[in-house]
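Encoded as structure tokens, the structure appears first; notes follow it.
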Amino acid sequence: METLQAARNRLNKSLGALRGSKQWDEAARAALAGAAAQAVAAGDYEAAERWLTGAGGPPPAGAPANAMDGLMDALRALGDRVNALNERVRAVEADLDEHMLWVPNLPHESVPVADSDEANVPWEPEGKPRAFDFTPLPHWELGPALDIIDFERGVKLAGSRAYVLKGWGARLQRALINLFLDMARARGFTELYVPYFVQEAMMYGAGQFPKFRDNVYYDPDADVYMLPTAEVAITNLHRDEILDEVQLPLYYVAHTPCFRREKVSAGRDVRGIKRVHQFEKVELYKFTTPETSYAELESLVEAASDVCRALQIPFRRLEIVTGDLGFSASKKYDLEMWAPGCGEWLEVSSCSNTEAFQARRANIKYRPQGSKKAQFVHTLNGSGLATPRVIIAVLENYQQADGSVIIPEALRPYLGGAERIARTG
RNA sequence: GGAGAGGUAGCGUAGUUGGUCUAACGCGCUCGCCUGGAACGCGAGUAGGGUUCACGCCCUCGUGGGUUCGAAUCCCACCCUCUCCGCCA
């Protein structure tokens with residue numbers, strides 16, 4: 001059984017062989033071509049093939065002089081049919097692909113079924129919320145009072161939801177980033193420095209596009225998109241590659257700024273630096289085999305939890321239900337730190353197993369040992385952690401009655417051993 | 001940004017008057033012979049992906065279009081790399 005396209009390809013090739021053949025003179029070639037043209041017209045491509053290769057017997061007599069042209073016409077008609085059919089296949093597949101890009105990932109069977117984020121399942125918090133003998137202030141009061149967060153000048157520079165960290169505020173953020181990176185490195189994550197902008201295909205590969213196109217910043221001149229998260233860059237690091245199973249799992253960590261337009265939530269979380277257009281995040285990322293990805297998810301959440309423990313800030317794990325999974329995740333846990341000033345749990349980390357969802361889009365495979373067939377890897381991502389909200393948690397949890405803030409012990413090595421942030425001038 | 005040279009299988013390269021290119025050769029790799037064991041040498045094999053129970057078929061010579069019965073090869077656009085110049089932290 002041979003496809004029409006295969007017949008076309010074969011006949012074109014055989015025509016080339018015939019025209020270059022020294023076995024026949026011109027009249028004989030014309031005669032063979034004429035016979036082949038008739039066979040093509042009759043739909044008997046195997047017979048046509050035999051004429052062209054000379055396997056069909058000697059050239060028949062009485063071929064018209066323009067038989068070669070006739071054969072070319074016949075092959076052109078055949079090619080037109082093939083192209084028309086291929087065009088229909090392409091159109092259907094393109095349409096299918098376009099629709100498939102809008103289909104979110106399937107939840108893992110262990111994910112609780114519910115339609116609202118209100119049903120997310122909180123685990124028992126770790127660390128006791130501190131008992132205050134005064135009323136703890138929210139960070140949007142603490143920051144300006146300490147002269148370490150400047151909202152007004154941030155807005156002057158860049159508009160709504162922009163902010164400036166100053167003095168201890170900026171240093172505190174830098175210390176947090178270094179702590180996060182060092183803890184990840186200690187767990188075997190390889191540190192990466194990646195571009196902060198990527199090409200459009202990478203956005204599709206990580207599952208940001210097409211659905212979240214409105215949420216990213218775009219430079220139309222350079223045709224590049226600013227990272228909404230390092231996850232986009234790291235996912236595509238091994239795009240179009242086939243890894244060896246012995247290489248897996250791969251652990252990566254990268255610190256990048258994250259740029260988000262946040263158009264959809266213009267009215268929410270307007271006070272302070274909880275939801276901003278630009279923030280710093282240390283991203284943990286894993287490429288694993290399908291067999292190990294759920295165990296790797298647990299250790300990923302543990303890696304992020306360890307950072308919370310190191311800072312000695314009360315936190316809890318939140319098991320995300322089906323209705324709040326988002327677009328790419330099969331299973332997701334959030335980590336939330338308690339913020340006594342604003343009186344809420346703040347999401348500081350989100351750890352997901354996307355299974356093969358991103359790998360399929362970015363074409364990332366691995367070859368199982370002893371197997372010839374490559375298959376998709378599983379990818380996992382998790383914040384470890386994101387700074388603005390951790391800054392909030394540090395300030396609000398460690399604030400003192402006199403308005404100063406004790407520096408968590410884990411951060412002191414990164415701040416010249418300083419123990420306290422106080423208003424200096 | 002300007003000028004020039006390039007992009008071919010894991011790597012290096014050949015292939016431009018369009019057709020038997022189903023892409024040659026070298027290295028590397030795999031297997032075998034040889035060896036006490038190795039190296040050397042000799043012989044055989046070896047691009048990837050998709051699809052199929054399988055035979056097979058399809059796609060890929062940077063990417064996308066075009067011309068043609070037929071494109072690694074011809075035409076157009078774009079991307080990237082190298083050398084030189086310009087600019088620059």
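Hydrogens, waters and symmetry mates are skipped; everything else that's a heavy atom, side chains included, is used.
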What contact category does A:Arg76 fall into here, base, sugar-phosphate, or nothing, at under 4.0 angstrom with non-hydrogen atoms?
sugar-phosphate
Base, sugar-phosphate, or nothing for A:Ile242, non-hydrogen atoms under 4.0 angstrom?
sugar-phosphate
So what's B:C42 paired with, Watson-Crick or G-U wobble, going by both distances under 3.5 Å?
B:G32
Compare the minimum distances between each of [options] and the side chain of [X], then state the nucleotide with the smallest one.
X	options	value
A:Ala374	B:C58, B:G49, B:G19	B:G49
A:Lys365	B:C69, B:G50, B:C58	B:G50
A:Arg10	B:G48, B:C57, B:C69	B:C57
A:Lys373	B:C69, B:C58, B:G50	B:G50
A:Lys13	B:C57, B:U20, B:C69	B:U20

May I ask you to check whether A:Phe357 and A:Phe327 place their ring centres under 6.0 Å from each other?
yes
Is the distance between the ring centroids of A:Phe209 and A:Tyr225 less than 6.0 Å?
yes
Only counting residues at least two apart or in another chain, list the ones meeting ring-ring contact (aromatic ring centres under 6.0 Å, His included) with A:Tyr217.
none
For the C1' atoms, the ones on B:G50 and on B:G2, what distance do you get once it is rounded to whole angstrom?
44 Å
Mind checking the P distance from B:C75 to B:U67? Whole angstroms is fine.
15 Å
Result for salt bridge (charged side-chain N to carboxylate O under 4.0 Å, His left out) between A:Arg317 and one of A:Glu347, A:Glu336, A:Glu298 points to A:Glu298
